[in-house]
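Everything below concerns the one structure shown next.
Proteins get letters first, then strands, A, B, ... in listed order; numbering begins at 1 in each. Just the heavy atoms: all of them, side chains too, but no hydrogens, waters or symmetry mates, feed the values below.
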There are 2 protein chains.
Amino acid sequence: MRSVTIKDIARAADVSISTVSRTLNGSSAVAEAKRARVLAAAAQLGYEPNVAAQGLVRGRSMTIGVLTQDIASPFYNEVARGIDVGFAGSGYQPIFVNGHWQIQDESAAITALTRRQVDGLIILGGRLGDGQLRDLHARFPLVLVGRRVAGLEAACLSVDNVQGAFLATSHLIQLGHRRIGHITGVSSQRDAVDRLEGYRLALAEAGLDFDSRLVFEGDFNESAGIQAVEHWLGQGAALSAIFAANDQMAYGARLGLYRRGIRVPDDISLIGFDDLPASQFTLPPLTSVHQPLFEMGEQAARRVLRRLQAPDLPLEPPELPLTLSVRESVRYARPMSH
Amino acid sequence: MRSVTIKDIARAADVSISTVSRTLNGSSAVAEAKRARVLAAAAQLGYEPNVAAQGLVRGRSMTIGVLTQDIASPFYNEVARGIDVGFAGSGYQPIFVNGHWQIQDESAAITALTRRQVDGLIILGGRLGDGQLRDLHARFPLVLVGRRVAGLEAACLSVDNVQGAFLATSHLIQLGHRRIGHITGVSSQRDAVDRLEGYRLALAEAGLDFDSRLVFEGDFNESAGIQAVEHWLGQGAALSAIFAANDQMAYGARLGLYRRGIRVPDDISLIGFDDLPASQFTLPPLTSVHQPLFEMGEQAARRVLRRLQAPDLPLEPPELPLTLSVRESVRYARPMSH
DNA sequence: TTGTAGGCGTTATCAT
DNA sequence: ATGATAACGCCTACAA
């Protein structure tokens, strides 16, 4: 069941393969009569061009590699959706590979992409070293989402995590909260560190002491939120609000509190980070620092596209505004009971 | 910046390109000395085979097309994760395209895959006609997830939606619920219809009347859940439990009830379908009919792989057991107040 | 064991 | 305007 090739069309339309190629991609004029015959034959035979063969001769595969960490995480999905939309209609196909937050997997994934001759690369998060990223940047049109690499500023798409955390924490402080717990992300990741920093900054600005007992090191998963709550409650920590470094941990915290009979926001206020679409539908709807994940994905796609078309035009670092989506999971602190 | 080819290696190792090819994929014996030289040169030059070129000559692209409907939906993501795992280490790369539940988009997506010479196809849901699917099945190793097509039984991976809905509804009935609302999925989709059927069956078996006012037609999105609740409450419908045709609508319903001050499960019990990972972390954790989404994805991958290796070996339709994940969103019905 | 040569499907450069 | 023909990177008879 060989697939039909331009050779078949040439035979059917009684022209040379070059004529077929020319009419099919309009690279130069073809006599109207032959043109019609070719088109008819192509349609009749159900011809589909072989992208791999085209890529081989043109030197472009028309595919863009996307290195994501966890194909199933709601976080990466929003970005992926943006990427998908960003490439729609461009002729380029994003191809997603998983890094699983493991440097070996990430390297293997990059290799897989390289072998497929991807024309560009989008990397979401991950642990690849700055040096390695710079190498890749030298070889491909590259866009990095959620990372900041020195020297690659124009290729980086990321929000100001410090400011975001500052926003969230300040909001709680303004509502009268004084003892605010923070569940961090993986401490080896820059965004997690930055969010912790923003939290500290907000406390400092309000003249509140930083209490390390109110900081729990999580890993960005739901279960870490549960553990944080267990931890705090277990040692009788007094707190009236929690700021989680991402929404998923906030969900976990909410569940942990619920299991202990503690209500959000009645007893404890809760803020997340990311503002995943699901956060509007949780109970109560979660207040969260809104990252424009979809837009970041879309931007990333548009940027590699631009680099592909105009490799030399400089790109300026984009505006990626952060806002706080205020919902029912926070309320005024009750007067301190002690 | 041309990438290095076997020709480069041949020159560096002072052998012919066929020798290079042979050592690289061990297709036939090569003198140890040359072998070593080739390997060294390849490593030294950082050679990466061009998969497209290999595919061109071998006639296999080593890619599998996956037609998904909504890359961002938590439902498809679980399946996608399974697919990813299923192909891991096989050398085959899944490439995901979006159908958006639009038949045109789906066709366009299939075309995009065809042009890339995919070696196999996995189709998740969608609206493609049975005839079209049969055509595709004739051309590719094909696995269908979430659909049942006559004549393609062995290629279909889907659960018994009637039974699942029956399970859920019966559970509520056993807990004493008599007025159970049902939020359906898109009525043009088979699984939605089947779930409604299971709901009816359970009512019938328990000798309960089917009341069409307790059925609200949704669309599988969260907002439909909210609308259903608004609808029922607006017209003063009396019900003590709700069975939603998927988890996402259950989330919406829960939120709608919350906004009206109605508690789950205190006032109304709630059951979903799918048992998305997130459902364990919602408040309260949602009771739901568990579909083995991840396993379905993994199975799908394994099956195309099998077909690729042993095209003729018959595959039997797999066992895909459904269970009810019972969590806090349901409780005994309170004695009827009228 | 090794190299030469032909071909996979397509585009692009030549003459014509 | 059109048709040979040479690549693109790789594999695999076929010869040697």
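Proximity of a side-chain donor or acceptor of A/Arg60 to a complementary backbone N or O of A/Asp119 within less than 3.5 Å is not detected.
Checking the phosphate oxygens (OP1, OP2) of C/dC8, a side-chain nitrogen or oxygen of A/Lys7 falls inside 4.0 Å. OP1 or OP2 of C/dG9 has not a single side-chain nitrogen or oxygen of A/Thr5 nearer than 4.0 Å. Within the 4.0 Å cut-off from OP1 or OP2 of D/dG3, at least one side-chain nitrogen or oxygen of A/Thr19 is found. The shortest distance between the side-chain N/O atoms of B/Gln54 and the OP1/OP2 oxygens of D/dC10 is not below 4.0 Å. Between A/Lys34 and D/dA1, a side-chain N or O to OP1/OP2 separation shorter than 4.0 Å is absent.
Distance from the side chain of B/Asn50 is smallest for D/dC10 among the nucleotides C/dT2, D/dC10, C/dT11. In this structure, of D/dA1, D/dG3, C/dT1, it is D/dA1 that holds the atom nearest to the side chain of A/Ala31.
When rounded to the nearest whole Å, the span between CD of B/Gln117 and P of C/dT10 equals 8 Å. Atom CZ of B/Arg58 and atom C1' of D/dT12 are 11 Å apart (whole Å). A straight line from CG of A/Leu56 to P of C/dG9 spans 12 Å, rounded to a whole angstrom. Put simply, CZ on A/Arg116 is 22 Å from P on D/dC8, counting in whole angstrom units. A straight line from CG of A/Leu24 to C1' of C/dG9 spans 12 Å, rounded to a whole angstrom. Rounded to whole Å, the distance from CG on A/Asn25 to P on C/dA12 is 7 Å. A/Asp14 places its CG atom 8 Å from the P atom of D/dG3, with the value rounded to the nearest Å. We find that CG of B/Asp8 is positioned 9 Å from P of D/dC10, with the value rounded to whole Å.
Each of B/Arg35 and B/Ala53 was assigned the nucleotide of DNA chain C with the nearest heavy atom; the assignment lying further toward the 5' end belongs to B/Arg35.
The residue B/Ser21 sits close to a base: some heavy atom pair falls under 4.0 Å. Across all strands shown, A/Val30 has heavy atoms under 4.0 Å from sugar-phosphate atoms exclusively, and none from any base.
Legend: residues meeting salt bridge (charged side-chain N to carboxylate O under 4.0 Å, His left out) with B/Arg302, ordered by chain and number and at least two apart, are B/Glu298.
Side-chain to base pairing of A/Ser18 with C/dT11: no donor and acceptor N or O lie closer than 3.5 Å to each other. For A/Arg22 and D/dG3, a side-chain-to-base donor-acceptor distance below 3.5 Å is present, hydrogens and geometry of angles not being considered.
Considering CD of B/Gln117 and CG of B/Leu56, their distance stands at 8.5 Å, rounded to 0.5 Å. Atoms CD and CD, on B/Glu106 and B/Gln132 in that order, are 8.5 Å from each other to the nearest 0.5 Å.
At its two ends the helix from C/dT1-D/dA16 to C/dT16-D/dA1 runs along axes set 50° apart, each axis drawn from five pairs and the angle rounded to 10°.
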Practice task
Step by step, work out the side chain to side chain donor-acceptor pair (under 3.5 Å) result for A/Ser16 and A/Thr19.
Solution key: CA-CA 5 Å; A/Ser16 74; A/Thr19 301; 3.3 Å; yes
Practice task
List the steps, then state whether side chain to side chain donor-acceptor pair (under 3.5 Å) holds for B/Arg139 with A/Ser3.
Solution key: CA-CA 10 Å; B/Arg139 298 172 51 201; A/Ser3 45; over 6 Å; no
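Between A/Arg11 and A/Asp8 a salt bridge is recorded (basic side-chain N to carboxylate O distance below 4.0 Å).
A pairwise comparison of heavy atoms in A/Gln93 and B/Phe96 identifies OE1-O, 4.1 Å as the closest pair.
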